[in-house]
Amino acid sequence: MSHARPHAILGLSAYYHDAAACLLLDGRVVAAAHEERFTRIKHDPSFPGKAAAWVLAESGLELSDVAAVAFYDKPYLKFERLLETYHAFAPRGLHSFLSAIPVWIKEKLFMRRMLRDELSALGEGRPPILFPEHHLSHAASAYFACPWDEAAILTVDGVGEWATTTIGSGRGNDLTILRELEFPHSVGLLYSAFTYWCGFKVNSGEYKLMGLAPYGDSASERTMRIEQAIRDELVDIRPDGSILLNMDYFDYATGLTMCRDAPFERLLGVPRRTPETALGQEHMDTALAIQRVTEDIVARLAATARDVTGQRRLVMAGGVALNCVANGKLLRSKVFDDIYVQPAAGDAGGALGAALAAWHIHGGHPKTAADDGPNSGRDIMRGSYLGPEFTNADAERVARRHGAPFKRFDDFGELCAEVAGLLDDQNVVGWFQGRMEWGPRALGNRSILGDPRHPETQKKLNLKIKYREGFRPFAPSVLVEDADRYFELDGVASPYMLLVADVAKARLKPLPRGYASLPMYDRLYVQRSDIPAVTHVDNSARIQTVDAAVNPRYHRLISAFKERTGCSVVVNTSFNVRGEPIVCAPGDAYRCFMRTEMDYLVIQDCLFAKADQPEWTEQGDWRDEYELD
Ligand SMILES: [Fe+2]
């Protein structure tokens, strides 16, 4: 028997943060995973040996079957940038991309040798290695994955080799970068400087800064003063969205920290917050100010993208595209008819973008949208469920090893009804199904679930399960067909939790008297809607819409919850504890289950309970017991 072997491309991202591997077969993404999920080291930047070995094994391939390796470049050019940055900056703004030469095929001997060494551990074979550049990879990860056959492209992050922002155009398999903004002028690094200033970790705490912003007082003199100071002194924002940062205030180009503390403090009038200490109103106002500035820059960049491409739809990637508050505002501004964001918009997604660039641009293959033709309305990501999956036998093996009590359901509907009842009774349930998610968000296959209607759910999840700061609400997963009954989404789907929209007005409740003067956590725990556990202090929510065609099991569970309670929403938080990556295998899930006060765990068709269910009781002031972030 003989048949044509599929053309396999192995995409890799590594050496910065969030290493990852993915595999394309004839242009279809068949497997993708972050290295951290295997090594259990959060944001693991090392060569993704385990993820690469898994994507090959999943596809039944050896390294020698791979036609090309596509690497999302980093250290070599970064080194060059660091050397050159010591010379004077030449601020050029958002200039045209002049080079027609595909720089990404350039020889990079140093990287090539390093990768060869690492790849040799995966097996025999020396496939050619291609090096699409950082922002081309981001652009390709959004455009070639999107449901449309043409679109404007916007990539915004901290920095790649030199580029920090690009505007491009995609048409068929042609992707052209039209505008480029270069280091050190970077929206991502500006946001990261404030992440650092507010005491969060750079490259991972940006999401927390975004979550803190709604606590800022939008009408206060301080917020307005900080925002004005940012605009007057730190960043010159031009009408086209290009920016010039005042490098007198920043230290990342040549130093080891993000900003120069003394001038930064003088300018903002807010001292840097020491990590893990209490958050003051001044930090909340600072977060709001920089969030507003960022939204303004993103809006101007989008308008420029619209002008220079003439396109009606926009695709986005790069770390700043994970700012789902900015994305939601951009969508509502109607600059574009529709927006698509790659679910792995950060650097892990570069692995997929590099592979897609190799297939479509280097290989010249036509763009495909989904499995059912261009403009079908579906992307190629298959819900982003692209990681490892496990069986009931795997779950039972874990149960035997740990002597864990469990019940296996033959009827999935019965299991869903049982879990719906547990959630309705205020239990927190680990929900482990099918293939692991690709990208930073858990989307119902490696999730911890709760009842959004109950005022205590949020506190319980923060305190007893995630062991983390409580200032951010949890995200809702809602049946896509019911989404407009709960959120102001205007019929737009948000399958990857990358859009923030307001909770529907009819669901909001009046705020108690004296609300504005309440301390932070008391404000969060005010019941401002009939789904309080997922409603932020500004009445917004980070929404995941769940489609039966994309994740039938998760959809079925939420439907069972709706049938029992009338509520089409569950609380969805990622299946991990503070400081750890999301669980990958049943053993990881079981350990997380036992180490926390999660009440039940479902792995495939098996429902695990704890031998001795501890009663949940309030024990003192949990804010003192746990670190703040
Ligand atoms: Fe990036």
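We count ligands from 1, going down the list as the structure has it; atoms in each ligand are counted the same way.
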Which atom name does D347 have for its N/O/S atom nearest to the Fe ion (ligand 1)?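 Minimum-distance N/O/S atom of D347 relative to the Fe ion (ligand 1) is OD1.
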Restricting to N/O/S, name the atom of D157 that gets closest to the Fe ion (ligand 1).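 Atom name returned: OD2.
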Kindly assign one of parallel, tilted or perpendicular to the pair W197 and F264, based on the angle between their ring planes and the thresholds 30° and 60°.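 Geometry flag for F264 against W197: tilted rings.
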Classify the angle between the aromatic ring planes of F71 and Y15 as parallel (below 30°), tilted (30 to 60°) or perpendicular (above 60°).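 It falls in the tilted class, 30° to 60°.
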With respect to the Fe ion (ligand 1), please indicate if H135 possesses an N, O or S atom at a distance under 2.8 Å.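 It does not: H135 brings no N, O or S atom closer than 2.8 Å to the Fe ion (ligand 1).
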Is there a donor in the side chain of D251 and an acceptor in the side chain of Y196, or the other way round, less than 3.5 Å apart?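 Not at all, the side chains of D251 and Y196 share no donor-acceptor pair under 3.5 Å.
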At their closest point, which heavy atom of S540 faces which heavy atom of V500, and how far apart are they?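 Looking at all heavy atoms of both residues, the closest pair is CB-CG1, 3.6 Å.
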